[in-house]
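Report on the structure given below.
Letters A, B, ... are given to chains in the order of the sequence lines, protein chains preceding strands, and every chain is numbered from 1.
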Amino acid sequence: MDYVEAVLDLVALIPEGAVLAYGDVADLLGSGGARQVGSAMSRHGSAVPWWRVLKASGEAPPGHGREALALFLLEDTPLVGDYADYLRTGEGRWRVDMTAARWAPSAYEFDRIDAIAGGLDRSLPKLSAPDDEMTV
DNA sequence: ATTCTGACTTGCT
DNA sequence: AAGCAAGCCAGAA
């Protein structure tokens, strides 16, 4: 399984009305960084609930504000700011209320996340297994 | 090996 | 609250 698959699998678990920042996804996966997640989402996120993954500030991914907002309203995702104006004139500023909307995985969900993260490593062609020696 | 690029983050004005 | 500079991670050139 490659990084992109892991990201998509994880994103698919985020429930309605909840969100995760790019950095959160990377942390849960225990690998890569926010930029890797963003990159993966921009190229392969169309099949999963991509709007539930956004910047740490709560802003929707660049170029998708309009579409994301519509979905957030449908899902009753906690928002802050003036999205009414944004809808009407495109002028207002709004964001997701990260404090309230950030997903807090249940113990079960957390296990599933762990499973995804665990299936990540397997292909490291280089670096033959150093037996049981670790050289701390 | 080096440089560049990007749906990122944080800290400091 | 909004901009900006640096830091950060990996893949591609």
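- In terms of heavy-atom proximity, A/Arg52 sits nearest to A/Ile14 at NH1-O, 2.8 Å.
- For A/Ala40 against A/Val4, the heavy-atom pair with the smallest separation is CB-CG2, 4.1 Å.
- A/Thr77 approaches A/Ala101 most closely through the heavy-atom pair CG2-CB, 4.1 Å.
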Can you give me the N/O atom pairs linking the protein to nucleotides 8-13 of chain C at distances under 3.5 Å, or say none if there are none?
residue: C/dC9; atom: O4'; partner: A/Gln36; partner atom: NE2; Å: 3.0
residue: C/dC9; atom: O2; partner: A/Gln36; partner atom: OE1; Å: 2.2
residue: C/dC9; atom: O2; partner: A/Gln36; partner atom: NE2; Å: 3.2
residue: C/dA10; atom: O4'; partner: A/Gln36; partner atom: OE1; Å: 2.9

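- Among the heavy atoms of the strands lying under 4.0 Å from A/Ala21 are primed sugar atoms or P, OP1, OP2 only; no base atom is included.
- Just one residue in the list A/His64, A/Glu67, A/Glu75 forms a side chain to side chain contact (heavy atoms under 4.5 Å, CB included) with A/Trp51, and that residue is A/Glu75.
- Between the P atom of B/dT10 and the NZ atom of A/Lys55 lies a distance of 13 Å, rounded to the nearest Å.
- A straight line from CG of A/Leu20 to P of B/dC8 spans 15 Å, rounded to a whole angstrom.
- Atom CG of A/Leu54 is separated from atom C1' of B/dG6 by 17 Å (rounded to the nearest Å).
- Inspection of the A/Arg43 and A/Ser39 side chains reveals an N or O donor paired with an N or O acceptor under 3.5 Å.
- If you take OH on A/Tyr83 and CZ on A/Phe72, they are separated by 12.5 Å, rounding to the nearest 0.5 Å.
- Spacing between atom OH of A/Tyr22 and atom P of C/dG7 amounts to 24 Å, rounded to whole angstrom units.
- The nearest whole Å value for the distance from the CG atom in A/Leu28 to the P atom in B/dC8 is 18 Å.
- Which of B/dA7, B/dT9, C/dA2 sits closest to the side chain of A/Arg93 comes down to C/dA2.
- For the pair A/Glu59 CD and B/dT10 P, the interatomic distance rounds to 13 Å; values are reported in whole Å.
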